[in-house]
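Written below as structure tokens is the structure these notes are about.
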Amino acid sequence: MVDPSDIDFYSLGFNFIETKTMFMANHRDGKWDGGRLIPYGDFEISPASCVLNYGQGIFEGMKALKTKNGEITLFRPEENAKRFNFSARRMLMPEYDVNNFLNAVKSVVKANEDYIPPYDSEGALYIRPILFGYGPILGVHSSEEFKFIIFTVPVGPYFPEGFKGIDLEISKEYTRAAPGGTGSAKTICNYAGTMLPAKQAKARGFAQIIYLDAVHMEFIEEVGAANFFAMINGKLATPRKTGTILEGITRESILELASKKLGLEIEERDISYKELFNESCTEVFCSGTAAVITPIASVNLEGNERVFNNRAPGKITNKIYELLTGIQRLDLEDEFGWMTKV
Ligand code: PLP
Ligand code: COI
């Protein structure tokens, strides 16, 4: 455990820092035990465990924030609980009761309260619930034993560029998910395969990859671990839910803010990468719990570059960022009932 007084909350990146307490529950003989808070630490599992051999695991990502008057908030945590269970079903794992999930998250956040970055640091306590099959197996089938763990890490911006705008490369080489696969589940397997493409893109100077659909290699899916948005012909467009993208909670919230607060026309549709090279596309950004709203300064494909807005965040991107983070930090009224206090 790192002593909270040794942490500079004002210069955090998105890196692992060990905090004090984690939550752990076990599923054996067909049922969950009550779960408990324990000191953060290692534990043993069998080399033959299902998660190590066949990747039977899922996770979620959430954030606890400090408000101006010192309250602790969570953003739509019940949506993470529901998506956790959606992912569990896809990976043939037991669901975790939504209320118990919320209570467990709150208890871990409370126990690690000293690690929540202060309001003016713009950091957050990242919350990572995981669920995996740890029973020993050999054939490819589900584990019979599962662990549900929640740990926390104080974080700053996901992209070191912060709200400055990132350069992205459109990949014509790699895909992330295919129809019928696991793209819309938050399973650990989806992420291991993106490490090599991301590393190669970084070596070429790009922050991440824009993945295209696996069938046509034309329609935008998402940006590494964030959803994609573009202002095209004055409308806010985002890839439709095809089953191959992770259905982001930030994505859903942005669509609501854009239509209800900014009066924008929104479109969930197939977006060809070619549209990004057209003047009718005026700004682009990506969204997620970790990425919040990150402006995209440029997109690149095989030597062709499209720079947006002289690399500055676009007007709509700015407005949506202000609305979303304003609500999350309770600087603005929580008019959609999204915030939960811990
Ligand atoms: N896409 C992927 C692949 C992700 O891992 C995430 C992060 O959870 C997102 C999109 C954004 O989802 P959310 O807004 O729920 O964090
Ligand atoms: C999140 O935004 O919470 C994510 O899960 C992204 C991540 C893989 C770092």
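Both counts, for ligands and for their atoms, begin at 1 and track the order of listing. In this chain, numbering begins with 1 at the start of the sequence shown.
- Between Phe16 and Phe151, the ring planes lie perpendicular to each other; the angle is over 60°, past the 30° to 60° tilted range.
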Requested in this report: Would you check, one step at a time, whether the test ring pair (Phe, Tyr, Trp, His ring centres under 6.0 Å) holds for Tyr115 with Phe9?
Outcome: CA-CA 9 Å; Tyr115 293 92; Phe9 288 109; 7.6 Å; no
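- Protein residues having a heavy atom under 4.0 Å from any atom of ligand 2 are Phe14, Phe59, Gly61, Tyr126, Arg128, Tyr158, Lys186, Tyr191, Ala225, Thr289, Ala290, listed by chain and number.
- Seen from the ring of Tyr134, Lys147 counts as a face-on cation partner, given the 6.0 Å and 45° thresholds.
- Between the Thr250 side chain and the Ser287 main chain, no donor and acceptor come within less than 3.5 Å of each other.
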Report task. For salt bridge (Lys or Arg N to Asp or Glu O under 4.0 Å), just list the numbers for Arg240 and Glu247, CA-CA rounded to whole Å, side-chain angles, deciding distance to a tenth of an Å, and then say yes or no. Result -> CA-CA 9 Å; Arg240 70 189 169 91; Glu247 298 178 5; over 6 Å; no
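- A distance limit of 4.0 angstrom between heavy atoms and ligand 1 selects the residues Arg83, Arg176, Lys186, Tyr191, Glu222, Gly224, Ala225, Ala226, Asn227, Leu246, Gly248, Ile249, Thr250, Ser287, Gly288, Thr289.
- Using modelled atom types, one side-chain atom of Ser87 and one backbone atom of Lys186 make a donor-acceptor pair closer than 3.5 Å.
- Ionic pairing of Arg28 and Glu145 is not present here: no N-O contact between side-chain nitrogen and carboxylate oxygen is shorter than 4.0 angstrom.
- Ionic pairing of Arg311 and Asp167 is present here: one or more N-O contacts between side-chain nitrogen and carboxylate oxygen are shorter than 4.0 angstrom.
- Cation-pi geometry between Arg306 and Phe308 is met: the NZ or CZ atom falls under 6.0 Å from the ring centre, inside 45° of the normal.
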